[in-house]
Asks: 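I am attaching a structure below and will ask some questions about it afterwards.
Note on naming: letters A, B, ... go to the chains in the order of the sequence lines (proteins, then strands), and numbering restarts at 1 for each one.
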2 protein chains.
Amino acid sequence: MDIRVLLADDHQVLLDGFVSIFESIEDVKVVGAVKNGQEVLDFLEENQADVLLLDINMPVLNGVETCKKVTRKYPDVKVIALSMYDQQSYLKRMVQHGASGYLLKDDSAEEIEKAIRAVTQGERYVSSQLQDRLTSIDFLARKNKTVFTVSKREKEVLELLSQGFTDQEIGEKLFISFHTVKTHRKHLLSKFNAKNSAELIKKALEKGHL
Amino acid sequence: MDIRVLLADDHQVLLDGFVSIFESIEDVKVVGAVKNGQEVLDFLEENQADVLLLDINMPVLNGVETCKKVTRKYPDVKVIALSMYDQQSYLKRMVQHGASGYLLKDDSAEEIEKAIRAVTQGERYVSSQLQDRLTSIDFLARKNKTVFTVSKREKEVLELLSQGFTDQEIGEKLFISFHTVKTHRKHLLSKFNAKNSAELIKKALEKGHL
DNA sequence: ATCACAATACCCCTTTCGGGGGATCTCAAA
DNA sequence: TTTGAGATCCCCCGAAAGGGGTATTGTGAT
């Protein structure tokens with residue numbers, strides 16, 4: 001039985017690229033190529049897949065959310081996260097949400113094939129480029145609470161901060177006291193481990209919270 | 001004579017993808033696939049190419065700089081910029097620096113082929129997704145002075161700012177007075193039209209200056 | 001039912017920012 | 001050769017940010 005792969009990435013070139021790559025692999029069939037998380041769910045409604053190669057950065061429904069929904073609804077579908085960035089934060093979040101693998105777009109076709117075979121066997125696969133970090137991540141995941149959540153309100157504050165508004169102005173926009181905004185910002189700073197708002201915005205953008 | 005294409009993108013998957021795509025096109029030959037701007041220059045030192053498919057976001061030497069250097073040194077090489085983002089700021093900068101084409105990674109293989117053929121004919125090609133914006137860009141490019149430069153020193157300050165350092169700390173790192181840092185930051189704020197450092201970092205990241 | 005956490009608001013205090021100037025000096029381009 | 005831009009330094013001043021607390025709600029998970 002062939003391995004049925006569903007591709008999800010918002011970039012057409014990448015989809016085309018993957019299709020071409022998989023054409024040369026005997027027992028791997030690309031059964032679908034979609035452009036966002038919503039389409040993943042729509043596709044799985046009516047079709048079957050063994051592996052989902054899922055880009056993290058997508059519009060409409062992002063990778064993390066899609067991964068969560070897919071693994072909950074279709075536990076048999078193995079999800080391999082695909083990211084441009086070798087950031088532990090992503091890896092952690094995806095693994096937490098049920099991903100079986102994590103690859104970088106920088107990885108070779110061979111590595112991707114290996115990953116697909118591994119996850120269909122029920123194994124986990126992480127890009128060799130990240131292997132060395134894995135131990136520390138596992139360790140951190142258990143001991144430390146590095147995977148933090150950003151609440152709805154904090155997200156709003158973050159967004160307005162990135163647009164250059166002051167606490168005062170944000171307070172007015174959200175109909176809350178500027179003290180509260182200060183508190184939210186304070187929490188954000190400590191969650192992202194940023195020394196000030198400039199670094200906060202950078203890290204938030206990097207980690208995909210903006 | 002075949003069209004010799006040099007690929008430059010830091011993501012292996014994309015390179016593989018392009019190679020696969022071009023394999024099915026008779027008269028297009030991929031003569032090289034490199035991972036950063038420096039490698040582009042190194043490659044062109046010893047080899048020839050007709051078209052350079054150049055990703056804008058690359059480490060070591062970014063797309064804009066690479067484009068500038070390549071078009072200056074090898075005027076016969078047609079550069080097609082490749083970006084994930086449909087931001088006019090990028091388009092403008094690349095065109096200013098001699099790019100002959102601009103594609104989105106979201107574009108289809110067909111569109112890419114079309115673009116390659118167009119630029120080898122000496123034409124210009126812009127992703128159809130951006131066609132409608134072109135007029136306004138041309139207009140802006142003439143009337144307004146939207147394209148500003150960020151000096152070397154300002155870039156350094158920007159980088160350190162994004163890492164959460166204060167003017168004082170940046171001054172120490174760069175062996176200059178914090179007054180000077182303040183001045184640089186002030187200039188950056190006005191250039192990027194940002195109300196504060198948070199917005200500055202966001203805009204700098206968006207426009208690819210970080 | 002308890003516990004954790006999000007969301008709200010307030011206090012104090014110090015440091016940093018941000019906006020407005022002005023002033024050299026150098027180097028390259030017009 | 002003049003002009004402009006980059007880089008450097010300095011002033012003032014008020015507004016914000018940042019760090020440390022405390023505290024009250026409400027809600028959702030265990």
Asks: Between C:dT16, C:dA9, D:dA17, which nucleotide has the shortest distance from any of its atoms to the side chain of B:Thr166?
Replies: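 From the listed options, C:dT16 comes nearest.
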Asks: Measure from the side chain of B:Lys182, starting at C-beta and using heavy atoms only, and say which of D:dG6, D:dG18, C:dG19 lies closest.
Replies: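 The closest nucleotide is C:dG19.
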Asks: Using the side-chain heavy atoms of A:His179, tell me which of these nucleotides is nearest: C:dG19, C:dC11, C:dG18.
Replies: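 When the side chain of A:His179 is considered, C:dC11 is the closest of C:dG19, C:dC11, C:dG18.
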Asks: Specify the closest pair of heavy atoms between A:Ile201 and A:Leu158, including all atoms of both residues, with the distance to one decimal.
Replies: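 Residues A:Ile201 and A:Leu158, closest heavy atoms: CD1-O, 4.1 Å.
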Asks: In whole Å, what is the span from the NE2 atom of B:His187 to the P atom of C:dC17?
Replies: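 After rounding, the reported distance stands at 16 Å.
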Asks: Go through A:Glu156 and A:Lys152 one step at a time and tell me if the salt bridge (charged side-chain N to carboxylate O under 4.0 Å, His left out) criterion holds.
Replies: CA-CA 6 Å; A:Glu156 295 178 297; A:Lys152 204 170 301 176; over 6 Å; no
Asks: Does B:His184 make a side-chain N or O approach to OP1 or OP2 of D:dT8 shorter than 4.0 Å?
Replies: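 Yes.
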Asks: Rounded to whole Å, how long is the line connecting atom CG of A:Asp167 with atom P of D:dG18?
Replies: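 After rounding, the reported distance stands at 8 Å.
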Asks: Give a yes/no answer on whether the side chain of B:Ser177 brings an N or O atom under 4.0 Å of OP1 or OP2 in D:dC10.
Replies: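 Yes, B:Ser177 has a side-chain N/O under 4.0 Å of OP1/OP2 on D:dC10.
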Asks: Does the side chain of A:Ser197 get closer than 4.0 angstrom to OP1 or OP2 of D:dG18 through an N or O atom?
Replies: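 Checking D:dG18 against A:Ser197, a side-chain N or O does come within under 4.0 Å of OP1 or OP2.
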Asks: Apply side-chain contact (heavy atoms from CB on, under 4.5 Å) to A:Glu154 and A:Lys191, showing your working.
Replies: CA-CA 11 Å; A:Glu154 286 171 342; A:Lys191 283 181 178 178; 2.7 Å; yes
Asks: Measure from the side-chain heavy atoms of A:Ile176 and tell me the nearest of C:dA9, D:dG18, C:dG21.
Replies: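 My answer, after comparing the listed nucleotides, is C:dA9.
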Asks: Between atom CD in A:Glu199 and atom P in C:dT16, what is the gap in whole Å?
Replies: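 That distance rounds to 15 Å.
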Asks: For A:Lys195, answer base if it contacts any base atom (sugar-phosphate contacts may also be present), sugar-phosphate if it contacts only those atoms, and nothing otherwise; contact means non-hydrogen atoms under 4.0 Å.
Replies: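 The answer is sugar-phosphate, as A:Lys195 gets under 4.0 Å only of primed atoms, P, OP1 or OP2.
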Asks: Within the 4.0 Å heavy-atom criterion, would you say B:Thr183 contacts the bases, only the backbone, or no part of the nucleic acid?
Replies: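 The answer is base, as B:Thr183 lies within the cut-off (heavy atoms under 4.0 Å) of a base atom.
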Asks: For the pair made of NZ in A:Lys152 and P in C:dC5, what is the distance, rounded to whole Å?
Replies: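 Interatomic distance, NZ of A:Lys152 to P of C:dC5: 18 Å.
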Asks: Starting at atom CZ of A:Phe165, determine the distance to atom P of C:dG18, rounded to an integer number of angstrom.
Replies: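 Atom CZ in A:Phe165 sits about 15 Å away from atom P in C:dG18.
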Asks: Rounded to whole Å, how long is the line connecting atom CG of A:Asn193 with atom C1' of D:dG19?
Replies: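 Taking atom C1' of D:dG19 as the reference, CG of A:Asn193 is at 14 Å.
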Asks: Check whether any side-chain heavy atom of A:Phe18 lies under 4.5 Å from a side-chain heavy atom of A:Val30, and answer yes or no.
Replies: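 Side chain of A:Phe18 against side chain of A:Val30, heavy atoms only: no contact under 4.5 Å found.
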Asks: Without decimals, in angstroms, what is the distance between A:Arg153 CZ and D:dT27 P?
Replies: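 Rounded to the whole Å, the gap is 15 Å.
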Asks: Using the side-chain heavy atoms of B:Leu189, tell me which of these nucleotides is nearest: D:dT8, C:dG18, D:dG18.
Replies: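 For the B:Leu189 side chain, the nearest candidate turns out to be C:dG18.
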Asks: Over how many whole Å does the gap from A:Leu188 atom CG to C:dC5 atom P extend?
Replies: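 To the nearest whole Å, that distance equals 16 Å.
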Asks: Donor-acceptor pair under 3.5 Å: do we get one between A:Lys186's side chain and the base of D:dG20?
Replies: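 Between D:dG20 and A:Lys186, which were checked side chain against base, a qualifying N/O pair under 3.5 Å is present.
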Asks: State whether A:Lys35 and A:Glu39 are salt-bridged, where the test is any N-O pair (Lys NZ or Arg NE/NH1/NH2 against Asp/Glu carboxylate O) under 4.0 Å.
Replies: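 Not counted as a salt bridge, because no side-chain N and carboxylate O are separated by less than 4.0 Å.
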Asks: Could you tell me whether the side chain of A:Asp9 and the main chain of A:Leu15 form a donor-acceptor pair under 3.5 Å?
Replies: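 It does not hold such a pair.
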Asks: Toward the 5' end of DNA chain D, which comes first, B:Asn196 or B:Val150, by nearest nucleotide?
Replies: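 Mapping each residue to its closest nucleotide by heavy atoms, the 5'-most match is B:Val150.
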Asks: For A:Thr180, answer base if it contacts any base atom (sugar-phosphate contacts may also be present), sugar-phosphate if it contacts only those atoms, and nothing otherwise; contact means non-hydrogen atoms under 4.0 Å.
Replies: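 Touches a base.
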